[in-house]
Amino acid sequence: MDMWEKITSLAKRRGFIFPGSEIYGGLAGTWDYGPLGVELKRNIKNEFWKSMVQERSDVAGLDAAIIMNPKVWEASGHLTSFSDPLVECKKCHHRFRADQLTEKKCPDCGGDLTEPKQFNLMVETYLGVIEGEKLKTYLRGEITQGVHVNFKNILSSTRVKIPFGVAQIGKAFRNEITPGGFTFRSREFEQMELQYYVKPDLKESMEQFEYWKKERMGWYVSLGMKKENLRFKEHAKDELAHYAKAAFDIEYNAEGEWKEMEGVHHRGDWDVRRHQEFSGEDMTYFDEETKEKFLPHIIETSGGVDRATLFFLMNAYKEEKVKDGEIRTVLRLHPRLAPYKVAVFPLLANKPELVKTAKKIYDDLKKNMMVAWDDRGNIGKRYRAQDEAGTPFCVTVDFDSLEHDDVTVRDRDTMKQERVKIGELGTHLEERLKQS
Ligand code: GAP
């Protein structure tokens, strides 16, 4: 099995990610996050929010609507330019993205392909109840535009001054021609973005561009991604999106294949200029200090939450030889990302006094962190199950616990065990989680 298959299989088995609508045969490009996946994904989003909003004074948050007035998409250029080249096999009628093919023949049956046609990626939807009067609109193709249409609202409701940013996390939808690579290319996915407004000054905006490139790369590393598995890839001029003046991707090395995880883009004044033109609203910014009025330029960082989730899983996945040649599968997730921080076990499920003490510990710890409970099978198997879930610590209540008021704390990474007093357990775990 290659890494993609291993991750797909672990994700399903352990309840990280399931195929969407599976009992109906699935729906291409859609995925459901299970009990562990929802925690991992939420932890990633919380870390993004903490570093991009909570810990900064120059960034405000926003949560805009998914469905917007269709004029937004005319203005943003998505209705005319947000497309991929589509080719169809004349024999088997399978469809492909022309820019992803290396051969001129159909990769499935060797048949001849049609000439490429531009295929728009926006997902259409209709609002209203009266047939014939329904409004055709779109599920947003990027979360970005919700921020730019609120530029003036942010200015008038907060004290921000340029340079400042607006961060947002939310769903985006694209009618991808070839969804695939597990969650890598989905039709429904989540983005975590920053739109950072700067003066229309080339030198200053490029300094901000470089600053944000470094910040975002540093964020992935701070959460445990190995530096050697990350790189920047510059977009060539002919690869730039319709709005971009300069763009770099942060790529992850997925088993030898470099894959885009996040984009850092210099959008110039494209968005505000176009919204000013199309809406007729004045989108200029007045600088109190210099008394200048201008349309700001925008530096954007745009990450895929699902891609980050996938690559954090790949980055953490290890198969390690343990004693007697046994192999354990372990997710060495950063503790801040781990779905459960700790698991609590009574040594034996049929000893009420052990279960009672363990339940009390479980209930106490749950007030402050995500805690798993497991009382099935032998302890070795329970440790392995938590290793696969990425749980940093396991706490076992045994017969000594009843006499000495202490428990065994087992570390996921070193597999070392130590005894800790029950009264000190909460603080002990919080300290160790903080240190990691
Ligand atoms: N606002 C800019 C923007 O949307 P993008 O490069 O098209 O730029 C940004 O998308 C990020 O969104 C990508 O780097 C990727 O992580 C994620 N993304 C884009 N399309 C995706 C898809 N079909 N499935 C999953 N994630 C996707």
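Residue numbers start at 1 and run along the sequence shown. Side-chain atoms are counted along with the backbone in the values below, which use heavy atoms only and exclude waters and symmetry mates. None of these values were measured; they are calculated from a predicted model. Counting starts at 1 for both ligands and their atoms, in listed order.
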For [X] and [Y], take the angle between the two ring planes, folded into 0 to 90°, and tell me which bin it lands in: parallel under 30, tilted 30 to 60, perpendicular over 60.
{"X": "W219", "Y": "F48", "result": "perpendicular"}
{"X": "F209", "Y": "F248", "result": "tilted"}
{"X": "H235", "Y": "H265", "result": "perpendicular"}

Nearest-neighbour protein heavy atom for [atom], which is reported as residue plus atom name and distance:
{"atom": "atom 24 (N) of ligand 1", "result": "S186 N, 2.9 Å"}
{"atom": "atom 9 (C) of ligand 1", "result": "S302 OG, 3.0 Å"}
{"atom": "atom 19 (C) of ligand 1", "result": "R174 NH1, 3.4 Å"}
{"atom": "atom 13 (C) of ligand 1", "result": "E260 OE2, 3.2 Å"}
{"atom": "atom 15 (C) of ligand 1", "result": "R307 NH1, 3.5 Å"}
{"atom": "atom 2 (C) of ligand 1", "result": "E300 OE1, 3.1 Å"}
{"atom": "atom 10 (O) of ligand 1", "result": "Q191 NE2, 3.4 Å"}
{"atom": "atom 25 (C) of ligand 1", "result": "F184 O, 3.1 Å"}

Open item on the list: Please determine whether any non-hydrogen atom of F311 lies less than 4.0 Å from an atom of ligand 1.
Closed with: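 No; F311 lies far enough from ligand 1 that no heavy-atom distance drops under 4.0 Å.
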Open item on the list: Can you tell me if R187 contacts ligand 1 (heavy atom of the residue under 4.0 Å from the ligand)?
Closed with: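 In this structure, R187 fails to qualify as a contact of ligand 1 - no heavy atom is under 4.0 Å.
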- [ ] May I ask you to identify, for Y243, whether its side chain, its backbone, both or neither come under 4.0 Å of ligand 1 on a heavy-atom basis?
- [x] side chain
Is there any N or O on [X] that sits under 3.5 Å from an N or O of ligand 1?
{"X": "M261", "answer": "yes"}
{"X": "G304", "answer": "yes"}
{"X": "E176", "answer": "yes"}

For [Y], is there an ion pair with [X] - N to carboxylate O distance below 4.0 angstrom?
{"X": "D306", "Y": "K41", "result": "yes"}
{"X": "D287", "Y": "K293", "result": "no"}
{"X": "K161", "Y": "E288", "result": "no"}

Open item on the list: Suppose we call two aromatic rings close when their centres sit under 6.0 Å apart. Are Y285 and F294 close by that rule?
Closed with: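 That pair passes the under 6.0 Å test.
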Task: Aromatic ring proximity, centroids under 6.0 angstrom, F182 and W31 - done: yes
Those atoms of ligand 1 less than 4.0 Å from some heavy atom in [X]:
{"X": "E142", "answer": "1 (N), 2 (C), 3 (C), 4 (O)"}
{"X": "E193", "answer": "1 (N), 2 (C), 3 (C), 4 (O)"}
{"X": "R267", "answer": "1 (N), 2 (C)"}

TODO: Tell me which one of K259, M192, E262, H265 gets a heavy atom nearest to atom 8 (O) of ligand 1.
DONE: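 Closest candidate by heavy-atom distance is H265.
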Task: Minimum-distance pair of heavy atoms, taken over all atoms of E260 and F184 - done: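 Nearest heavy atoms, E260 then F184: O-CE1, 3.3 Å.
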Open item on the list: Could you check whether any side-chain heavy atom of K199 comes within less than 4.5 Å of a side-chain heavy atom of H297, counting everything from C-beta outward?
Closed with: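 No, every pair of side-chain atoms sits at 4.5 Å or beyond.
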Task: Derivation of the side chain to side chain donor-acceptor pair (under 3.5 Å) call for E193 and S302 - done: CA-CA 4 Å; E193 282 193 352; S302 177; 2.7 Å; yes
